[in-house]
Each structure stands twice: as C-alpha cells, then as structure tokens.
Asks: 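Encoded as structure tokens, here's the structure I'll be asking about.
All ligand and atom numbering here is 1-based and tracks the order in the structure.
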Amino acid sequence: MALAVVIVLLVAGSLIFHFASPWYFTPLASNWSAVDFTVGVTFWVTGIVFVAVNLFTAYCLIKYRHRKAHRAHYEPESKKLEISLTAITAVGVAAMLTPGLFVWGDFVRVPEDAMVVEALAKQWHWSYRFPGSDGKLGRTDVRHMTVDNPFGLDPNDPAGQDDILVANPVLHLPVDRPIHLLLRSSDVLHNFAVPQFRAKMDAVPGMVTYQWFTPTRVGTYELLCEELCGIAHFAMRGRVVVDPFADFESWLAEQPTFAETAARPMGDPQSGAATYAVCSACHGAQGEGNPQLNAPKIAGQEAWYLKRQIRLYQQGIRGTDPRDPYGMQMAPMANTLTTEQALADVAAYIESLPDRPAEPTVSGNAARGRTLYQTCAGCHGRDGRGIWSTNAPRLAGMSDWYLKRQLEYFRDGVRGAHADDLYGLQMAMMAASLRDERAIDDVIAYINSL
Ligand code: CUA
C-alpha cells in the first residue's frame, strides 16, 4: 500500500517538475523548430507511457494485494493482450522516431546558397575561417600549424591566400542566412553547440564534419564545446554574435586574410631595443622585473603572449579596473607602442633578453602544490614553460609575487572578467579552483621548484 502511494507521488512530482520547472529550452534562435517538435513528441510519448505504466503498477499493487482466502489465478498466455501491447508499442516507437528521420534528412542536406564558415576546435578554444573573395577555403594540414600559422593553412595553395582568419573565440554571423559550418579539430573530439540554434556536431581530428542552420534572431549567444575534451573542457567557451547583414559585413572586413597575417612585420630586436627604454624603467634593463615597482619579470616570456597582453591593455580590456592600480599604470605605457611594427620589435627584443629565474618570494607546501598544479599543467605544461597552442604563458622562473597577485585578481574578478577577454575568462574559471591563500601559495611553491 505504502509503495503504491510512493509511486503515485513520484508520478505527480515528475509531472509538476516537468511543467513548472524553470529549466527548459532556451528560446529558439534558428530555423530548427523541427528539433523542438521532435523532442516535444518524444516527451509526450515517453511521458504518457511513464504515467500509464506507473499508475497501472500502483493500481495492481492495491487491487491484487495479499488478502486471506484470495487465490491467484494463473494465466500463462493471452494472445489478445500480447497483440494489443505489441501494436501499441510499435505505434508509440514509430511516432517517436519517424519525425526524427525527416528532421535528420533536412539536417544533413545543406541548402545550396548556404554561406561557408569553418570553425577550428582546439584544446581549449575556438577560431574561425571564412573563404575570401574567391569563395573557396584553402587547403590545410596540421603539419603547417605553427605560432605564425595557427590554422595550418598550406602556404602554397593560392585558394588559401584570401581566406579570412578570426583568431579568437568570437564569431559573427549574419541573421537570416543559412550557414554551412565546417568543423575541424587539431587534437581531440570537440563539439560545436549553440543551445539556441538546436544544432550540434562533433569536430573530429583528421576529417571535416559539418552542420547547417539559419540564425533567425539578432543577439549574442554562448558557444559551448559539448564533447568531453580534457581537463579544461568546461572552459572551452566561445561566443556567436548574430548581426544584421551590414554589421556582419563590416566586422568581416576588419578581419585579416591569411596573406595579410603572413605578411605581418617580423620583430626586429635591434629596433626594439630603443623602444624598450620606456619599459626598462620599471621592468629592468634585462627585463628581470622589479618587485619594488610592482613590475614583473618579462624576460623569458614569448612574443605571442607579450603582444596579446599589450593589445589587451591598448584596447582597455586590461588595466581599467580601479582595483588593479598596477594594471592602470601599465595601460598608458602600452599605448606608447603605436604601430604593429613597434609592438613586434619590442616583443622580439624582450624575447632576446637573457632569461634568469626570478628570486622566489612566496613560500608554501610544494608537495601539496604539485597536486593542485595538475590542473594548470593541462595548459601551461608540466614544466610550466607555457604553450602557445593553449594560449598559456610561461610560469616557471617568472616573478612569483606577480603570479600570486594575478591568481587573486582572476579569482576576485579583477582580471578575466571583461567580456572581451575570453582567454582571461578561462583562467578565471581555473583560478576559482584554488580555494584559499594557502592553495595559491602551495601551487606557486611548486611552480618555483620547476
Ligand atoms: Cu572541446 Cu570539450
């Protein structure tokens, strides 16, 4: 009897939860209302069966409960019952699966006028490529992937020269145009999914997969990787901005082509030496850093990271939070590098400086820090030397007091909280795993031992 009541309450609770729950689909923002329809059909079919089977179980528990003088009636076979149950199940399963087959048929048939865009997935970030004026994407190969050619384009393929490269996780798309999204991965399985678009597909290393959709609502949507792809999978976020066509076009026009990125000025350390005079006042003649002036060691850091941080300062993404007075000091300094050439030169000069490990100032339990560092190693490397392909700078041998302050900034939302600092946002999510000051000291003590 009690069990029957529990089953009835379970059914009632499930129904209330389903209909009153605030956790349901986000509003649809693409052409794929058919996906919502098939999911709805599945909910109705499975929901009706769930309610019917459970209520029938509860009914039987009451009706056929043990009573003295009642004897069970044995009926091994009932043709009528078997035929009707088989028929009802077959109709239910067919009703559930048939719409899905039609939707899948549409899902794999890309409209001819769809605009081709490529998304490149990588542990743990997204970047994008558009075919240039020739309408064709150039050949790619992981063997061509370097810090200067992160998309791995074949430099000898003429079709690739005008390809437009978006080397950050924010993708703009025009509203009301079908998008043929090609997917590529350079390492492991990833999955491109914007919940509001109701379309998703795996990116598989070694092959090009695809999905298509037509964004129907202007707005900004979060892009999620929905395939477990390693330790920072949860932080592999991007953003899709759906624009009116004219806005999309002007955004696209600002993005560089492959030929333009290949022609970017090489840094000249000799010219950079003169520019570096401004930096040396705080960061030291050898880039060794100066804790008294709150200037971290920069010698030993690679050019790609130095350039990116200086650009963040120039764009007001770093160094604008009043809780970060040292960053606010750095911002006007970054603005003295007015040209791409000057920036490349000074970064090349800093790269050429001798790299001597900074004096440790933070003490902690390195053995405990070693365990915590496993998470950091996923991006920064086991040796803490930094990895460009995961956008992670060098930590080992750098100013530890600076690392400590930055970890606190990331944790407290001083750094990495700006909407356009998507790599910083990843780091903020990781820093949240270091719960207290002791954890931060321990992990830094371990980094000092590397
Ligand atoms: Cu990429 Cu999960």
Side-chain angles (χ1 to χ4, degrees), residues 23 25-26 30 32 35 107 117-130 137 140-147 149-153 165-173 179-213 215 220-241 304-305 308 373-382 386-393 410 416 419-433:
W23 301 292
F25 288 171
T26 48
S30 82
W32 288 117
V35 171
F107 193 81
V117 185
E118 179 197 73
L120 173 60
K122 229 174 175 191
Q123 283 175 325
W124 284 276
H125 63 106
W126 298 97
S127 40
Y128 314 96
R129 182 163 65 124
F130 289 80
L137 287 170
T140 58
D141 195 310
V142 280
R143 274 172 296 192
H144 297 304
M145 281 184 178
T146 63
V147 63
N149 184 5
F151 290 80
L153 267 87
L165 306 181
V166 183
N168 76 63
V170 183
L171 170 68
H172 286 243
L173 292 175
I179 305 294
H180 183 189
L181 184 72
L182 303 175
L183 295 164
R184 198 149 64 89
S185 165
S186 66
D187 37 43
V188 298
L189 289 179
H190 300 276
N191 185 298
F192 185 103
V194 174
Q196 288 87 346
F197 293 168
R198 305 289 197 273
K200 55 185 283 191
M201 185 56 72
D202 273 8
V204 183
M207 66 188 284
V208 177
T209 56
Y210 70 92
Q211 56 173 289
W212 81 270
F213 53 84
T220 300
Y221 304 96
E222 190 169 29
L223 161 62
L224 305 170
C225 173
E226 291 194 351
E227 194 70 69
L228 185 59
C229 56
I231 196 157
H233 154 71
F234 74 98
M236 188 168 167
R237 318 274 178 98
R239 209 180 298 148
V240 176
V241 182
W304 61 265
Y305 180 72
R308 190 165 73 215
Y373 185 77
Q374 299 309 311
T375 310
C376 322
C379 292
H380 293 275
R382 275 175 210 288
I387 303 175
W388 70 266
S389 72
T390 47
N391 299 296
F410 278 122
D420 291 326
D421 186 7
L422 284 140
Y423 305 121
L425 177 73
Q426 284 185 317
M427 186 56 213
M429 289 189 247
M430 299 319 255
S433 69

Asks: So which of the N, O or S atoms of H233 lies nearest atom 2 (Cu) of ligand 1?
Replies: ND1
Asks: Heavy atoms only: give me the nearest M236-A121 pair and the separation to one decimal.
Replies: CE-CB, 3.9 Å
Asks: Specify the closest pair of heavy atoms between W304 and V147, including all atoms of both residues, with the distance to one decimal.
Replies: CD1-CG2, 3.9 Å
Asks: Check the angle between the aromatic planes of F107 and W32 and answer parallel, tilted or perpendicular using the 30° and 60° thresholds.
Replies: tilted
Asks: Closest N/O/S atom of H190 to atom 1 (Cu) of ligand 1, by atom name?
Replies: ND1
Asks: Which atom, among the N/O/S set of E227, is closest to atom 2 (Cu) of ligand 1?
Replies: O
Asks: With a sphere of 6.0 Å drawn around CZ of R382, does it hold more than 12 non-hydrogen atoms of other residues, nucleotides or ligands?
Replies: no
Asks: Do side-chain atoms of Q426 reach the backbone of A235 as a donor and acceptor pair under 3.5 angstrom?
Replies: yes
Asks: So what does the C229 SG - atom 1 (Cu) of ligand 1 - C225 SG angle come to, to 10°?
Replies: 120°
Asks: Atom 1 (Cu) of ligand 1 to M236: any N/O/S contact under 2.8 Å?
Replies: yes
